[in-house]
Amino acid sequence: MEYDFKAIENKWRQHWQEQETYKVSEDAEKKKYYVLDMFPYPSGAGLHVGHPLGYIASDVIARYKRQQGFNVLHPQGYDSFGLPAEQYAIQTGQHPAVTTERNIARYREQLDLLGFSYDWSREVRTSSPEYYRWTQWIFARLFEHGYDRAADKAAPIATLTAHFAEHGNAEVDWAVGEDTLNEALQVVWGDGFEGPFSAEQWNALDPQGQASVLMAYRLAYLADSEVNWCPALGTVLANDEVVGGLSERGGHPVVRKKMRQWMMRITAYADRLLQGLDSIDWSESIKEVQRNWIGKSTGAQLRFDIQHHEGRTIEVFSTRPDTLYGANFLVLAPEHELVQDITTAAQHDAVAAYQKETAGRSERERMAGDRGMTGCFTGAHALHPLSGAPMPIWIADYVLAGYGTGAVMAVPAGDQRDWEFARAFGLDIPPIFEGHNIEEGACTDKDAVLCNSGSWSGQRCSVVLPIAIQETEASGFAVPRVNYRLRDAVFSRQRYWGEPFPIFYDKGVPQLLEDEQVLLPEVDAYLPTEDGDPPLARAEQWNVSRGERMEFNTMPGWAGSSWYFLRYMDPHNDRGLCDRSKSDYWGQVDLYVGGAEHGTGHLLYSRFWTKFLSDLGTIGFDEPFAKMVNQGMILGRSSFVYRVEGSNTFVTFERRKEQRTQRLHVDIALVRNDILDTEAFKAWRPEFADAAFELNDQGEYRCGSEVEKMSKSKYNVENPDDLVERYGADTLRCYEMFLGPLEQAKPWDTQGISGVHGFLRKLTRLYMDSEGHNIVTDNLPSSDAERTLHKTIKKVTEDLDRLSWNTVVSALMIGVNELTEQSCHDRQVLQPFAAVLGPYAPHLAEEVWSYAGGIGSVVDAAWPKWDPEKLVESEVRYPVQFNGKVRFQLEVPAELGPKEVEAVVLADPRTSKQLDGREPRKIIVVPGRIINIVG
RNA sequence: GCGGGCGUGGUGAAAUUGGUAGACACGCCAGAUUUAGGAUCUGGUGCCGUAAGGUGUGUGGGUUCGAGUCCCUCCGCCCGCACCA
């Protein structure tokens, strides 16, 4: 029997399992290497060929590093809380734990077929209490900590209360929610109180009052905030879970709503999250996405007095205080709190109408394309801090309430939006740039030279900028300021299938509950209560088990996935999330493989939690993933048939335009080389049972095709199980790697798999005859065979080191082709060859390793080293160019130096023929590479 | 609009530091051998041309003895952000 992959793969799969081949433990003697796949959500649909792509790539590296002598941590587990299981539960009444369990079993079955070297004894599931106990623990620590900006790290709230008790909050420089704090201060000490407060005031507060002030400092805090409410899912969503005004999962509309929610003060870490990007080896595009999302801008916060409103001011953030002389009006967000106080009676109705108009506009409409500038004058004026000139105050929805102070100083000559606004409403555009025509638009060039700008005139903007910040601060109406686009993350979900909070309420004050673990209770339905409380409120007894009530929200999906890579290091620890000695040993993930779609979600949140845990000293590093590779999507190739409209007749591709036809997706299982199996098609679906066909000249029905996303509805899904059944796991592994560079999106083409399968079959022929008898000899290999071997080792090693997975397969193919041609069956060559095959085709590699007399498992076979000596050829073949065009090849002994080669080539009759009497002007000899004669 | 990435045969692609463009495969063509087979083997295959030869890495230019690779221009595609002050 030719290459009996089924027998081979079954045999070794079983062997690995019995021997616990992939079990690893800490070993101080060995250097560690940590290879991780992005946490999979076990969906019910199972895997298609696109899913294992990254898993195969990471497995290849895991095996390669292990053979190189590293102690390799390569775990796998499940991000098993989440919306789909719960949506299914709502529809069917089945407990999400049951469907999740079923999906995991199916997932595991498919993964096991592919020969991955996972240490399954380290499997984790976010939905198991042993795991989420530590997710809750991290939440509790975030609740108990704030961010000390002076120390630039997290610090216990207890140190803050101690400070308050002695000094009040005057000198406290902690990250704080200004709105939450002001609100709390006003509730406690009455309207208009703005702080700071003294130690006496603090000490006089009751516990509830203190708790509400402290809440503003916690890293995990409760606050009323505008959130993304998704009515269809019945929950709030984080900003990264909303795409274009619709929910990422399900595509349901999302509206803004004010709700009391748990929040995460990720903004405290904004700068470190930005800085950290420089220390990690990720793709530039993902880093850029994160930089955008964090959105750091530096400038100044300027204060404008309001005419006829003594003591009232408008704060404005600007990155360009150097253009201050060009500011001639202010624009507030329509929701800005000052609007109602300053609007004049004459403008009152117009302003109210505009506010109503913009409030009714959904987030989606606001984002939808060009609508032109809209806005409304308030009737009020601010005073220019330098000239004292009155500046009209407008409101407009191009100013966002949520960014900066919700107000801008408009510099129409220097900002395009301000320019457009001024144009739209007939406002002046005072020129402040030398030689710039303000009719054409705003000038945003930082090298422009200022004019009409007092002492700044005549200098470049980039020079004035720091001076402007300094001078405006010295004048007392501005402070230097850094602003971030990043918002704190909503951490509550009004859902059942997630981590319950370790929180109960006592007199309305949230309290940690840590003397026993809060477990997810059973409920009678996975729906909100009649009062609109989340599903957990349905759990009678549980819901009031402590204090007045328990926290009814659950944590979002990203909670469990933000730290899972740590748990793999110490998965069964019941005293801590991960023992420090183990995280010190395994350290950062050395290679993280997964999709690029988590740029602003998982990949940002896990960096945030890692930094926090590092601040606590729980772990000793503050970036989770040192290097990351994002695999591209594998696209499907769909097939189409063409039905004559209103009939049951199908026309072949070539003749589809002769009549009016409809293009229909047809199952790719019924199509081979674009030719439709018409009988199978008739049997496919009842309505096609009596289909008629108009064929092409060859008497075949040819289908059309197109590359698109793989999906069930397009009937173009290729599933790994079928391919493993037909070709074996080793073939599938090699083929997925062979398709092209990992990062690139590429179409799947099942036809191509035969080439890779043929390569593995050809490889077995080096080791065994068609009956499976061992034909490996102890003969001394030829120098050609040795050269082939060492060339292959070199290429495979170098390519794996630069993560060029696809070219390795080609190198192995070339090796097999050459060894076959050389009829090489020598152990000295074939044993190391089996070793380098190991990462790609582990089952077959084990088999041929044993044929070649290898000892033990190929998994632990030392990675062979290539010997430069064996690569040397006695003759070198030079392409000879004349004026850059190759004319002939020249064989010379390898030991010749450039001068000698030059002599040989000049003596060659072909050279004189090419020169045709001309004198060579220049001769370039690149040793071992090329000869170029100019003349 | 801004930022990031990318354009190479019929297809997936290779060419790592500027040195024979198209390796390795798929597909296709021809042949062999068998044959119900989606089997196997050999040869060919960028394009134009019978050939010699010419030409060729999105377009146009530049640097260089030599450019897919470096620089400039334009065109096209993909991804991200998008009133972020």
Side-chain angles (χ1 to χ4, degrees), chain A residues 2 283-293 295-297 299 316-321 323 331 333 366-367 369-371 373 396-400 402-411 414-418 420-421 483-486 596-597 599-600 630 632 637 672-675 677 707 726 735 738-741 743-756 758-759 761 795 798-799 801-802 804 806-817 877-889 920-935:
Chain A
E2 293 258 301
S283 76
E284 212 33 60
S285 64
I286 291 235
K287 288 197 201 181
E288 202 54 35
V289 165
Q290 294 211 343
R291 285 192 196 108
N292 276 337
W293 190 260
K296 181 179 183 173
S297 42
V316 152
F317 173 70
S318 172
T319 56
R320 295 293 304 275
T323 62
V331 188
R366 278 182 75 151
M367 289 194 296
D370 297 319
R371 300 164 295 104
M373 279 291 176
D397 71 353
Y398 83 87
V399 176
L400 306 175
Y403 184 77
T405 60
V408 303
M409 66 173 202
V411 183
D415 182 286
Q416 191 58 28
R417 290 155 307 169
D418 297 343
E420 280 164 24
F421 191 81
N483 230 325
Y484 295 92
R485 199 187 80 110
L486 184 71
E597 65 274 20
T600 53
N630 306 112
R637 189 166 180 279
R672 188 151 305 273
N673 290 1
D674 288 340
I675 305 302
D677 179 339
V707 170
R726 278 161 64 192
Y735 186 54
F738 184 65
L739 282 176
E743 292 91 335
Q744 234 165 68
K746 53 226 157 204
W748 179 262
D749 172 21
T750 296
Q751 285 195 96
I753 203 171
S754 65
V756 173
F759 146 68
R761 189 173 45 222
K795 175 81 175 148
E798 289 176 350
D799 285 1
D801 285 339
R802 66 187 173 102
S804 174
N806 54 323
T807 50
V808 170
V809 183
S810 307
L812 292 169
M813 285 174 169
I814 293 168
V816 166
N817 289 346
R877 207 166 50 98
Y878 279 96
V880 183
Q881 295 183 334
F882 289 83
N883 300 319
K885 290 191 198 302
V886 179
R887 294 305 176 187
F888 61 87
Q889 307 284 328
R921 278 193 282 128
K922 196 171 184 184
I923 299 165
I924 295 120
V925 178
V926 184
R929 285 277 186 188
I930 204 163
I931 301 167
N932 192 8
I933 298 173
V934 187

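Naming: A, B, ... by sequence-line order, numbering from 1 per chain.
Taking only side-chain nitrogens and oxygens, A:Asn883 never comes nearer than 4.0 Å to OP1 or OP2 of B:C65. Look at A:Arg761 and you'll find a side-chain N or O under 4.0 angstrom from OP1 or OP2 of B:U40. Put simply, A:Asn817 has no side-chain N or O that comes within less than 4.0 Å of OP1 or OP2 on B:A23. Taking 4.0 angstrom as the limit, A:Arg726 places none of its side-chain polar atoms (N or O) nearer than this to OP1 or OP2 of B:G38. The shortest distance between the side-chain N/O atoms of A:Gln744 and the OP1/OP2 oxygens of B:A13 is below 4.0 Å. Listed pair A:Arg417 / B:C84 meets the phosphate criterion, a side-chain N or O lying under 4.0 Å from OP1 or OP2.
A:Lys795 comes within 4.0 angstrom of a base, heavy atoms only. Residue A:Arg921 is classed as having no contact, given no heavy-atom separation below 4.0 Å to the nucleic acid. Backbone-only engagement by A:Val289 is indicated by non-hydrogen atom pairs under 4.0 Å involving sugar-phosphate atoms exclusively. Within 4.0 Å of A:Asn932, counting heavy atoms only, lies at least one base atom of the nucleic acid. Counting any heavy atom pair closer than 4.0 Å across all strands shown, A:Asp418 reaches no nucleic acid atom.
A:Arg485 places a side-chain N or O within 3.5 Å of a backbone atom of A:Asn292 that can act as its donor or acceptor partner.
Counted by atom type alone, A:Asp418 and A:Tyr398 present one or more donor-acceptor pairs between their side chains at under 3.5 Å.
The side chain of A:Lys746 lies closest to B:A13 when the candidates are B:C65, B:A85, B:A13. If you check B:G19, B:G4, B:A85 against the side chain of A:Glu284, the one that comes closest is B:G4. Checked against B:G27, B:C65, B:G19, the side chain of A:Gln881 finds its nearest nucleotide in B:G19. Proximity note for A:Ile930 (side chain, C-beta onward) versus B:C26, B:G80, B:G19: the nearest is B:G19. Of the candidate nucleotides B:U20, B:C65, B:A85, B:A85 has the atom lying nearest to any side-chain atom of A:Ser318. The side chain of A:Ser810 lies closest to B:C24 when the candidates are B:G4, B:C81, B:C24. Candidate nucleotides B:G3, B:U16, B:G12 were compared by shortest atom distance to the side chain of A:Phe738, and B:G12 ranks first. Listed candidates were B:A85, B:A23, B:A13. Nearest to the side chain of A:Ile814 is B:A23. Comparing B:C26, B:A85, B:G66 against the side chain of A:Ser297 picks out B:A85 as the nearest. Listed nucleotides: B:G27, B:G19, B:G3. Nearest to the side chain of A:Glu288: B:G3.
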Which atom pairs, donor and acceptor, lie under 3.5 Å between side-chain atoms of residues 920-935 of chain A and protein residues at least two apart or in another chain?
| residue | atom | partner | partner atom | Å |
| --- | --- | --- | --- | --- |
| A:Asn932 | OD1 | A:Gly884 | N | 3.2 |

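The side-chain hydrogen bond (donor to acceptor under 3.5 Å, both in side chains) search around A:Asp799 returns A:Lys795, A:Arg802, A:Thr807, not counting sequence neighbours.
B:G12 sits 24 Å from B:U17 when the P atoms are compared, rounded to a whole Å. Taking atom C1' in both B:U59 and B:U50, one finds a spacing of 34 Å when rounded to whole Å. One C1' atom belongs to B:G60, the other to B:U45, and the distance between them is 32 Å to the nearest Å. Taking atom C1' on both B:C28 and B:A15, the two are 25 Å apart, rounded to the nearest angstrom. Comparing B:G22 with B:C47, their P atoms sit 14 Å apart, to the nearest whole Å. With both ends at atom C1', the span from B:U20 to B:A14 equals 14 Å, rounded to whole Å. Taking atom P on both B:C71 and B:C77, the two are 24 Å apart, rounded to the nearest angstrom. A distance of about 15 Å separates the C1' atoms of B:C78 and B:G58, rounded to the whole Å.
Atom CD in A:Gln889 sits roughly 13 Å away from atom C1' in B:G19 (whole-Å rounding). As rounded to whole Å, 18 Å separates atom P of B:G80 from atom CZ of A:Arg291. Atom pair A:Leu739:CG and B:C24:C1' shows a separation of 13 Å (rounding to whole Å applied). Atom pair A:Phe759:CZ and B:C26:P shows a separation of 13 Å (rounding to whole Å applied). Taking atom CG on A:Asp799 and atom C1' on B:A23, their separation rounds to 12 Å, with Å as the unit. B:C26 atom P lies 12 Å from atom CD1 of A:Ile753, rounded to whole Å. The interatomic distance linking A:Tyr484 (OH) with B:A85 (C1') rounds to 17 Å, in whole Å. Rounded to whole angstrom, the span from the CG atom of A:Asn806 across to the C1' atom of B:A23 amounts to 12 Å.
One finds the CZ atom of A:Arg320 at 9.0 Å from the CE atom of A:Met409 (value rounded to the nearest 0.5 Å).
Using a 4.5 Å cut-off on side-chain heavy atoms (C-beta onward), A:Pro741 and A:Asn806 make contact. Two residues are said to be in side-chain contact when any heavy atoms from C-beta on lie closer than 4.5 Å; A:Ile753 and A:Phe738 fail this criterion.
When the options A:Asp749, A:Val809, A:Thr750 are evaluated for a side chain to side chain contact (heavy atoms under 4.5 Å, CB included) with A:Tyr735, the one that passes is A:Asp749.
If A:Gly884 and A:Met813 are placed on RNA chain B by their nearest nucleotide, the residue sitting closer to the 5' end is A:Met813. Nearest-nucleotide positions on RNA chain B for A:Thr807 and A:Ile924 put A:Thr807 closer to the 5' end.
A donor and an acceptor atom never sit less than 3.5 Å apart when one is taken from the side chain of A:Lys885 and the other from the base of B:U55. No donor-acceptor contact under 3.5 Å links the side chain of A:Asn292 to the base of B:C81.
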(Q) Checking A:Met813 against A:Val756 for the side chain to side chain contact (heavy atoms under 4.5 Å, CB included) test, could you report, in this order, the C-alpha distance in whole Å, the side-chain angles of both residues, the deciding distance, and whether it holds? (A) CA-CA 8 Å; A:Met813 285 174 169; A:Val756 173; 3.9 Å; yes
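B:G61: glycosidic angle beyond 90° from 0, hence anti.
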Q | Strand RNA chain B in bracket notation, Watson-Crick/G-U under 3.5 Å with | for pairs to another chain | A | (((((((..(((......[....)))((((((.......))))))(((....)))..(.(((..]....))).))))))))....
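With salt bridges taken as basic N to acidic carboxylate O contacts below 4.0 Å, none links A:Arg417 and A:Glu420.
For the pair A:Tyr403 and A:Gly295, the tightest heavy-atom approach, listed with the atom from each and the gap, is OH-O, 4.4 Å.
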